[in-house]
Amino acid sequence: MAEEKLPTRSENYSEWYNQLIQRAEMADYAPVRGCMVVRPYGWALWENMQQNLDKRFKETGHVNAAFPLLIPKSFLEKEKEHVEGFAPELAIVTIGGGQELEEPLVIRPTSETVIGYMYSKWIKSYRDLPVLINQWANVVRWEMRTRLFLRTLEFYWQEGHTAHATQKEAEEETLRMLDVYADFAEKEAAVPVIRGRKSATERFAGAKETYSIEAMMGDTRALQAGTSHFLGQNFAKAFDIQYLDLNNQLQHVWTTSWGLSTRFVGAIIMAHGDDQGLVLPPRLAPYQVVLIPIYKNDEERSKVMPVVEKLKAELSGFRLKVDDRSEVTPGFKFNDWELRGVPLRIEVGPKDVEKGTFAMARRDIPGRDGKSFVPQVNAARTVGDMLDQIQTGIFQKAVDFRKAHVFDPKSYDELKEVLQGGWAYSWWCGDAACEAKVKEDTKATTRNIPLDQEGGSGKCIVCGKPASEKVYFARAY
Ligand SMILES: [Zn+2]
C-alpha cells in the first residue's frame, strides 16, 4: 500500500493524482469505462461535505426531496437550449421489462425538466411561492474523457431547484447560493475561490446567467467547483409553471438551480495535496487525528496503552482513529496516514508516559518543523487549537499559491506566456470571438467574470477594444 513512492507532482501531476486516489483508498475504477467506485474513505469525506452543506441549505430555508432517475425523453426537448447542450451526453433507456418502450427514457443528467413538470402541478398561487427544494442524487452524463472524481459518467451531487414570484427574488437566490458555496469552500474545505459570472459560451444550457466558484489546483489549473444558475422564465415557459398573483393574473414563475458535486473531492485533493499524499482540511477530514502508540515490547506496551486509552477518551469530541495494528511498524503507519492526509498525528511512547507528554505532528508541515511535544493535561484544548491552526494554515497556503500564480499580462503575447503556468486576470470586451481566439491559441478558457471588480475600464487583452470588466483566463479541468 504505502511501500512504493508516489510519483511527485512535478514529475507527473496526473499520475500523482490517479495513484494517490487509489492508494489512499478514496476511489477505484468501476467495470464500466468512466464510472467510479467511491470507497469508504472517500465516501466519509463526501458525507462530511454533505452534512455541512445540507445544514447550510436548511439554514437558508430549503428542504430536501427526491425526484426520479428516469425522465421521459420528450421532457428534455421542451427547452431548446437545454436539449442542445445535453443531447451529446445522454444515456437513454429504450427497453424495459424485455419490451421496447413507447417513449425512450433518459437517465437524468440534471433534473430541471422533471422538477419543472412537477412544479407546474404544485404551484397554483402566489401563496405557494417560493418553492425551495434540494435533492441529493446521482446523475449520468456520457463523458468521453474521464478522471476519478473530476469527470465521471456517473457522479453524486446535490441539485437545488427553486421557483419564485419575481425576477428579483430569483436573482437574489442565485447569488445567495453562490455565497453558500463560496463560504463552504473557504471555511470548511480551506479552498479559496473566485465568485463570478460565466461568459455566455460557458453558461449552463438553458440558463440566463450562470455563476461559479473557481479554484486554483496545485498545478495552477482552474477547477469550477460549484455553479448557481438564474434560469429566468425559460423552464417556467417550457413546463407552463404559472401562478395567480395578488391581482388574480396568471404569471410565469422565475426559477434557479444550483449544484455542487463529488468533483469537489477532486478539488480538495488537488488544492492541498503534496508529494507525500493527501492533506485534508480538519473540518472535513474523515479522521482529524490518528493516535499511534509506540512500543518495542509487551512491557512498554502495558505502560503506553493506558495513556492511549485515557487520551482517546479525552479526545472523544474529535474524529479520532487509534492505530494499534501490531503487524506493521510505526514508520509504516506514519507514511500510511500521511498518504491519507490525516491532519494531525499523535504519538505516545514510553518516554512520553514518564514525562506526562505526547508528540503531535502536523500533516501540513512535514518533518521536524511540524512536530511538537505537549503536556497530556488539557489535551482536548491543545488538539482543538492545533486543528484550527492547520485549517487556517492550509487555507493561507492556498491563497498565497494562487496569488503567486495570477498574472496581469500587458500584451497578448504575454497573456499566452503566463497561461502556461498560471491564470491571467485581464480586461475583456465580452466578445465571444476574443474568448475563442484565446482558447484556440492556449487551450485556456474564460473562468469567470468576478463579482468583486476593481472598477474602471481598460482595453481588451485580445482585440484592444474598450472593456468594462476583467475576466480570469485559465486552463481548466
Ligand atoms: Zn476583445
Side-chain angles (χ1 to χ4, degrees), residues 80-82 84-86 88 145 150-151 167 171 174-175 178-179 181-182 192-217 219-232 234 256 258 267 399 401-477:
K80 193 171 156 284
E81 286 176 22
H82 193 62
E84 277 171 15
F86 280 100
R145 272 187 282 168
L150 297 182
R151 188 163 275 118
Q167 173 172 359
E171 284 173 337
T174 310
L175 291 173
L178 186 75
D179 283 344
Y181 288 153
V193 293
I194 306 284
R195 297 171 312 142
R197 200 175 83 239
K198 285 284 189 184
S199 73
T201 321
E202 300 285 327
R203 217 175 262 158
F204 175 75
K208 288 280 183 198
E209 287 292 0
T210 288
Y211 297 86
S212 71
I213 51 170
E214 303 281 334
M216 184 183 279
M217 302 294 98
D219 63 349
T220 77
R221 284 200 188 206
L223 186 135
Q224 176 179 293
T227 47
S228 186
H229 315 292
F230 169 63
L231 303 172
N234 289 354
T256 82
W258 28 276
V399 168
F401 182 82
R402 187 180 70 189
K403 211 178 269 175
H405 295 92
V406 170
F407 303 98
D408 182 10
K410 299 293 171 237
S411 66
Y412 188 66
D413 281 342
E414 209 182 311
L415 174 89
K416 285 194 282 189
E417 202 182 303
V418 302
L419 287 172
Q420 300 306 309
W423 296 10
Y425 186 41
S426 300
W427 293 105
W428 173 46
C429 66
D431 192 336
C434 293
E435 196 182 8
K437 181 172 167 53
V438 173
K439 192 174 179 181
E440 169 88 30
D441 291 347
T442 67
K443 291 185 184 152
T445 47
T446 59
R447 299 323 303 158
N448 68 26
I449 300 149
L451 297 181
D452 309 314
Q453 293 270 337
E454 58 215 56
S457 61
K459 283 182 180 162
C460 175
I461 189 78
V462 188
C463 68
K465 283 186 195 149
S468 58
E469 287 181 311
K470 290 185 98 170
V471 69
Y472 282 99
F473 287 102
R475 296 203 285 176
Y477 281 103

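In each ligand, atom 1 is the first atom listed, and ligand 1 is the first ligand listed. As the structure is a computational prediction, the values presented were derived from the model and not from experiment.
Rounded to the nearest 0.5 Å, atoms OG1 (T256) and NZ (K208) are 15.0 Å apart.
The minimum heavy-atom distance linking W423 with A222 is given by the pair CZ2-CB, 3.6 Å.
A donor-acceptor contact under 3.5 angstrom links the side chains of T445 and R447, judged on distance only.
For K459, there are no salt bridge (charged side-chain N to carboxylate O under 4.0 Å, His left out) partners two or more places apart in sequence or in a different chain. In this structure, E414 has no salt bridge (charged side-chain N to carboxylate O under 4.0 Å, His left out) partners at least two apart in sequence or on a different chain.
Screening the protein for N, O or S atoms under 2.8 Å from the Zn ion (ligand 1) yields 4; no waters enter the count.
Annotation: ring pair (Phe, Tyr, Trp, His ring centres under 6.0 Å) contacts involving residues 438-457, sequence neighbours excluded, are absent.
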